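Heads up: the structure comes next, in structure tokens.
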Amino acid sequence: MKKILLLSIILICSTSLFAEKKAFELVKESAQKANADESAEYLQAELKKITVPSEKRAGYAFLGNLQEMLGLYDLAEKSFVLAAGISSGDAENMPERSNEQLVLDAVRCALSGGNYNRADSYLNSAVRSSKNPKIQSYVKLYSVWSSLCRAETKEDLEEPIAMLKAYSSVSSMKNVQPAILLTLWYITGDSSWSSDLKEKFPNSLECSIVKGDSHLLPSPFWYFVPKNGDAMPETGTIKDVPKTKENAAELTVTENKNGGKLQLGLFSSENNANSLVKELKSKGFDAYSEKQTKASGNIYYSVLVNAIDDSTADALRSSGYECYMVN
């Protein structure tokens, strides 16, 4: 009897000791890392140890979101595809997300990385026959975005623009109308679309972009699609923060009075990085690309501009390029 009791205690302790972590626990631990890159690398390594389908699925979905925010579109796409390929319900304490939504996340990242062929392959999967009206609206929007990715001349824009204009007044597309209006404004440079966006969706992220409060990430989709006109964002509605003792150190980081270098993008494709460098040089900026190898072994190409002083950053933003100072 004592042996059986002892064995039971050992089994209970062993189960407790080697119990798998849940997705939300990994997310909390990743948040303690020094920066977002380290958080993503930690999650990527730890998720390989999880075997519970719902936890693994939720973990990869969260990792995809984090990688997308970092501009690591190829990796984010793969994470969303891995999550979508797991047949399971949602994990406890993690955001609810259907497999159809995860497929669309993969489509968006493929487009952001300029990989329209892979985006089309996802769009032509079971998601295209979805019975969910919201899913269908995104399928239609992303299909037009894919067409824009393929465009090489202004003439190639005519059909996608016509489709977007038609969608802008269709009630079934209302949940993606901010994105439709933003795209029309960006591609055509017509301020009537930005006016509609500000009037109808004043609290949307898309509205903050046309106001100059937010910026489009430097992805191949937004930078390399040909345009019919220049869409110039406004100067922004966020007021300057007065310099105080409390924020003086933080403000100093953003000042660039003695020059330095400004980063505009991080690409997994050297060709995309070089294309942006070429575009920047054509506008008079001293741009170049630099190869970076992350701790994970992944190779990226950062696009940098040599700055003389604060005026360089101002000129970049006025030309529609978001940038930040790096060492």
Side-chain angles (χ1 to χ4, degrees), residues 23 53-69 73-150 159-184 186-187 196-197 200-201 203-207 209 216-217 219 221-222 225:
S54 60
E55 302 296 337
K56 199 175 191 73
R57 178 179 179 277
Y60 274 117
F62 183 87
L63 175 60
N65 287 328
L66 181 56
Q67 290 167 330
E68 184 178 9
M69 289 173 58
Y73 301 113
D74 288 349
L75 292 179
E77 178 194 335
K78 291 175 184 176
S79 294
F80 287 131
V81 169
L82 285 171
I86 299 174
S87 298
S88 175
D90 295 303
E92 185 181 5
N93 297 321
M94 293 295 287
E96 296 181 2
R97 207 149 188 81
S98 70
N99 276 11
E100 291 180 333
Q101 289 173 310
L102 290 167
V103 170
L104 290 176
D105 289 334
V107 172
R108 184 180 60 251
C109 289
L111 291 174
S112 292
N115 299 311
Y116 51 79
N117 286 326
R118 285 209 302 270
D120 284 348
S121 70
Y122 302 142
L123 287 169
N124 290 326
S125 66
V127 72
R128 190 171 288 279
S129 57
S130 172
K131 303 300 181 183
N132 186 321
K134 288 188 176 181
I135 296 295
Q136 276 297 324
S137 66
Y138 277 102
V139 169
K140 292 175 182 176
L141 172 65
Y142 290 171
S143 294
V144 177
W145 279 3
S146 181
S147 297
L148 289 173
C149 274
R150 295 173 185 275
E159 185 175 342
I161 289 175
M163 291 296 296
L164 288 170
K165 287 180 177 179
Y167 288 154
S168 69
S169 57
V170 176
S171 59
S172 62
M173 299 288 285
K174 185 173 182 178
N175 62 300
V176 293
Q177 279 183 358
I180 291 172
L181 295 172
L182 176 68
T183 307
L184 282 167
Y186 181 82
I187 297 297
D196 282 353
L197 179 56
K200 297 175 181 177
F201 306 97
N203 298 319
S204 65
L205 175 61
E206 290 82 0
C207 183
I209 291 172
L216 292 169
L217 289 175
S219 71
F221 175 80
W222 293 109
V225 170

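Nothing fancy with the numbering, it's 1 onward along the sequence. The structure displayed is predicted, hence computed values, not measured ones.
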Practice item. Kindly indicate, with the supporting measurements, whether the criterion side chain to side chain contact (heavy atoms under 4.5 Å, CB included) is fulfilled by Ser137 and Leu141. Key: CA-CA 6 Å; Ser137 66; Leu141 172 65; over 6 Å; no
Study note, to complete from the structure: What one should report as the nearest heavy-atom pair of Gln67 and Leu75 is OE1-O, 3.0 Å
Check your understanding: Rounded to the nearest 0.5 Å, what separation is found between the CG atom of Leu111 and the OH atom of Tyr73?
Key -> 11.5 Å
Exercise for review: Identify the residue among Asp105, Asp90, Asn65 that makes a side chain to side chain donor-acceptor pair (under 3.5 Å) with Arg97.
Suggested key: Asp105
Practice item. Hey, could you give me the OG/CD1 distance between Ser129 and Ile135, rounded to the nearest 0.5 Å? Key: 11.5 Å
Point to revise | Least distance between heavy atoms, Ala58 atom then Met94 atom | key: O-CE, 3.8 Å
Check your understanding: If you round to the nearest 0.5 Å, how far is CD1 of Ile209 from CG of Leu197?
Key -> 8.5 Å
Exercise for review: Report the C-alpha distance between Trp222 and Thr183 in whole Å, list the side-chain angles of each, state the deciding distance to 0.1 Å, and finish with yes or no for side chain to side chain contact (heavy atoms under 4.5 Å, CB included).
Suggested key: CA-CA 9 Å; Trp222 293 109; Thr183 307; 4.0 Å; yes
Exercise for review: Could you tell me which non-hydrogen atom of Ala83 sits nearest to which non-hydrogen atom of Ala61, and how far apart they are?
Suggested key: CB-N, 3.9 Å
Practice item. Supply the atom-to-atom distance Cys109 SG to Phe221 CZ, rounded to the nearest 0.5 angstrom. Key: 13.0 Å
Practice item. Output every pair passing salt bridge (charged side-chain N to carboxylate O under 4.0 Å, His left out) with a member in residues 109-126, not counting sequence neighbours, ordered by first then second residue. Key: Asp74-Arg118, Glu77-Arg118, Asp120-Arg150
Check your understanding: Hey, does Asn175 have a side-chain heavy atom less than 4.5 Å from the side chain of Tyr138?
Key -> yes
Exercise for review: Scan side-chain atoms only and decide if Ser147 and Glu159 contain a donor-acceptor pair under the 3.5 Å cut-off.
Suggested key: no
Check your understanding: Should Glu100 and Asn132 count as side-chain neighbours, where that means a heavy-atom distance under 4.5 Å?
Key -> yes
Review point. How many angstroms lie between OG in Ser146 and CG in Asn117, if you round to the nearest 0.5 Å?
Key: 7.5 Å
Review point. Can you name the nearest heavy-atom pair linking Val225 to Leu148, along with the distance?
Key: CG2-O, 3.6 Å
Exercise for review: Could you tell me whether a side-chain N or O of Gln177 sits under 3.5 Å from a main-chain N or O of Val170, the two making a donor and an acceptor?
Suggested key: yes
Check your understanding: Going from NZ on Lys174 to NZ on Lys134, what distance comes out if it is rounded to the nearest 0.5 angstrom?
Key -> 11.0 Å
Check your understanding: In a check of side-chain contact (heavy atoms from CB on, under 4.5 Å) between Val107 and each of Tyr116, Tyr142, Trp145, which one passes?
Key -> Tyr142
Point to revise | Steps toward side chain to side chain contact (heavy atoms under 4.5 Å, CB included) verdict (Arg128, Ser143) | key: CA-CA 10 Å; Arg128 190 171 288 279; Ser143 294; 3.5 Å; yes
Practice item. May I ask you to test the Lys140-Val176 pair for a side-chain heavy-atom distance under 4.5 Å? Key: no
Exercise for review: Output, in order, the C-alpha distance, side-chain angles, deciding distance and verdict of side chain to side chain contact (heavy atoms under 4.5 Å, CB included) for Tyr167 and Val144.
Suggested key: CA-CA 10 Å; Tyr167 288 154; Val144 177; 3.8 Å; yes
Review point. Is Ser130 reaching over with its side chain to a backbone N or O of Val127, donor-acceptor style, under 3.5 angstrom?
Key: no
**Study point:** Glu55 side-chain N/O to Ala91 backbone N/O, donor-acceptor pair under 3.5 Å
**Key:** no
Study note, to complete from the structure: When every non-hydrogen atom of Gly64 is compared with those of Phe80, the smallest separation belongs to C-CZ, 3.4 Å
Point to revise | Exercise: identify the closest heavy-atom pair between Ile86 and Asn99 | key: O-ND2, 3.6 Å
